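This report refers to the structure that appears directly beneath it.
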Amino acid sequence: MSDAPLLEVKNLSKIFDLTEAAWLAALTGRSRLLLPAVDGVSFSIPKGKTFGLVGESGSGKSTVARMTVGLMQPSNGSITFDGKPVSAPGGGRGIGRGRLQMIFQDPFASLNPRWRVVDIIGEALLRKGMRDSLARAKRAGELLDQVGLVAVDGEKFPHEFSGGQRQRISIARALASEPEFLVCDEPTSALDVSVQAQILNLMKDLQDELGLTYLFISHNLAVIAHVSDVVGVMYLGRLVEVAEKKQLFKAPQHPYTRMLLDAIPRLDMTTRERSHVVGEVANPMSRPPGCHYHPRCPFANKRCKSEDPKLKGAANFAAACHGVEEGRLPAWAAAAE
Amino acid sequence: MTDQQAHIPHQSLGSRMVDGIRRFAGSDLLYSFVRQPVVVVAFLITVIFILAAIFAPLVAPHDPFNPASLSLMDSFFPPSWVEGGDARFLLGTDNQGRDIFSTIIYGARISLMVGFAAVVFSIALGVLVGLISGFVGGWFDALLMRFADIQLTIPGLLIALLVDGIARTALPSDMREEIAIYVVIFAIGISNWPQYARVARSGAMSEKVKDYVASARIIGTPSWVILLRHVLPNILGPVLVLGTIGLALAITSEATLSFLGVGVPPTTPSLGTLIRIGNDFLFSGEWWITLFPSGALVVLVLAVNLLGDWLRDALNPKLR
């Protein structure tokens, strides 16, 4: 493993302009309606590793995913892949076509309902330069085989498959471009629990086999714990904690991470009074000043309400919290492993 | 699945077609069709009209537009079952001795052709505008759609009359007869495109945000390929339903224009032209000259309309 990360995200921000009739607002001088979905996020992923991004709905995870593959342009900050900036969907000039691929959350929307599976996968092969349709069909069959389906499935339409099978087709399509990096945006959250495990294991196997690097997004801590090497926790568009997986689950630093972990029901501790998730995610349109988490944080003080905390610590062990920095948080009462 | 098939993952075109037919035979669409006798009758009538129109020279007992075969001696025969009727002319003859039954068949040919061409023209223009408008969005979309809105405020017939009027003054008089039919097609087509544009636009807007479009982008598919191969097939259903209903509308529009005397010329009369010609003889007692073409028009439009309505309901998942 080389030192230079395969993917580096620096100070990434995305502000959505929700102003209706923007030209009218510009003309009348009415203030614009801006939604900062992602706010100064930085992380890097070394080759062959999985970076897990976890957070509640609306925390900006999917926006990060879409910017990473080039589907959205960042408002600020940079994304570099293999030392070159990502400029277009799938990579763009300089990086090479299709080296970054994405697997989507909803397997029912990510496959064109009017196309046969062989054509869906074949399109990626065509864009990769495979002109011969028979060669494409043959390769599509191999890819289907690789993801645990059979070659004849290629003749079917997406609606003839279950959710888990469709997600396998999505994976086969992504693999058709021979990517090095896969962005997985909640690839299992639309699936049954039993199928989730199958898909996750398939993805881990493919990672070992092909040396893939993953940015894995989920709201499910158990899924994140299963696949990630390093975990980033997002809250209202900011990364509040980044840590190696073991570190994060054993000794979470940020109060938000602690609350999330504390809220997981455990079979071995059914009698313990669990601490509930308190409060709700603030409206992203009117985010609290200072640390965005302070209205829900039991340890918040004056400084938390006014000053933005920065992500501090080692690269794989950092938290954005004044309390952690000042050492005034109580030690984490580690739940029995 | 047999082992042999497993080694040939790519089926031939022929077997795909067979597959498609089998799919259709088991579809909800066919089921809903067979269960509604009115729709079956409407379908049969439409097919009979279309076949009769295509094979008019074979089907029609006389060639009403060949002056050599016409005889003024044959003029004003009433229908054959009425007293004074002639067995050669089932529905009677007009002032020039033309067989009404034959003129209806030839008239339906012109009416259907103009209707089809006008609808195809409307769909092509409307879908192109709507697709690009919805896909591109922003001020471009706003501009095109406001333009469509403005056109929607003006009655279609008025636009058709306007186009016709302009064409008449702009074109040299000797070209008028030849080109009149194309002017009518253009006039009817141009007055109906905003509907198709709106349907195509709303479809494009809802499809373009779907993940399969995003994934095509990541793969590296060019935008125009995404538009034509991914988005277009997914929005075509409602457009074609609208087109079927639009066909009835276009036929009526053409008949109206022809009745008003600005449509197709009397040398190649459509149903509308026939109705207008016959109208002159209504008060002098030769009722069959206008009544039968009118009846044919009503039956044709009704059948196409019923078919369109059924198709709309059958393809609407909310009504299933």
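Throughout, a chain's letter reflects where its sequence line sits, starting with A, and its residues are numbered from 1. All of these numbers come straight from a predicted model, not from anything done at the bench.
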- Query: Between A/Arg136 and chain B, which part of the residue has a heavy atom less than 4.5 Å away: side chain, backbone, both or neither?
  - Reply: neither
- Query: Parallel, tilted or perpendicular for B/Phe121 and B/Phe186, by the 30°/60° rule?
  - Reply: tilted
- Which region of B/Val225, side chain (C-beta onward) or backbone (N, CA, C, O), has a non-hydrogen atom less than 4.5 Å from a non-hydrogen atom of chain A, or is it both or neither? side chain
- Item | Heavy-atom pairs under 4.5 Å with chain B, option from A/Gly98, A/Ala124, A/Gly70 with the top count | A/Ala124
- Item | Side chain to side chain, B/Val119 and B/Tyr196, heavy atoms closer than 4.5 Å | yes
- Query: Of all of A/Lys128, A/Met102, A/Gln101, which one pairs up most often with chain B through heavy atoms under 4.5 Å apart?
  - Reply: A/Gln101
- Message: Do the side chains of B/Asp211 and A/Arg66 get close enough for a salt bridge, i.e. N-O under 4.0 angstrom?
- Response: yes
- Item | chain B contact via A/Leu111 - which portion, at a heavy-atom distance below 4.5 Å | backbone
- Whatever's closer than 4.5 Å to a heavy atom in chain B on A/Leu100 counts as backbone
- Message: So B/Ile219 and A/Arg173, do their side chains get closer than 4.5 Å, heavy atoms only?
- Response: yes
- Task: Anything under 30° is parallel, anything over 60° is perpendicular, the rest tilted; go ahead and classify B/Phe43 against B/Phe33.
- Result: perpendicular
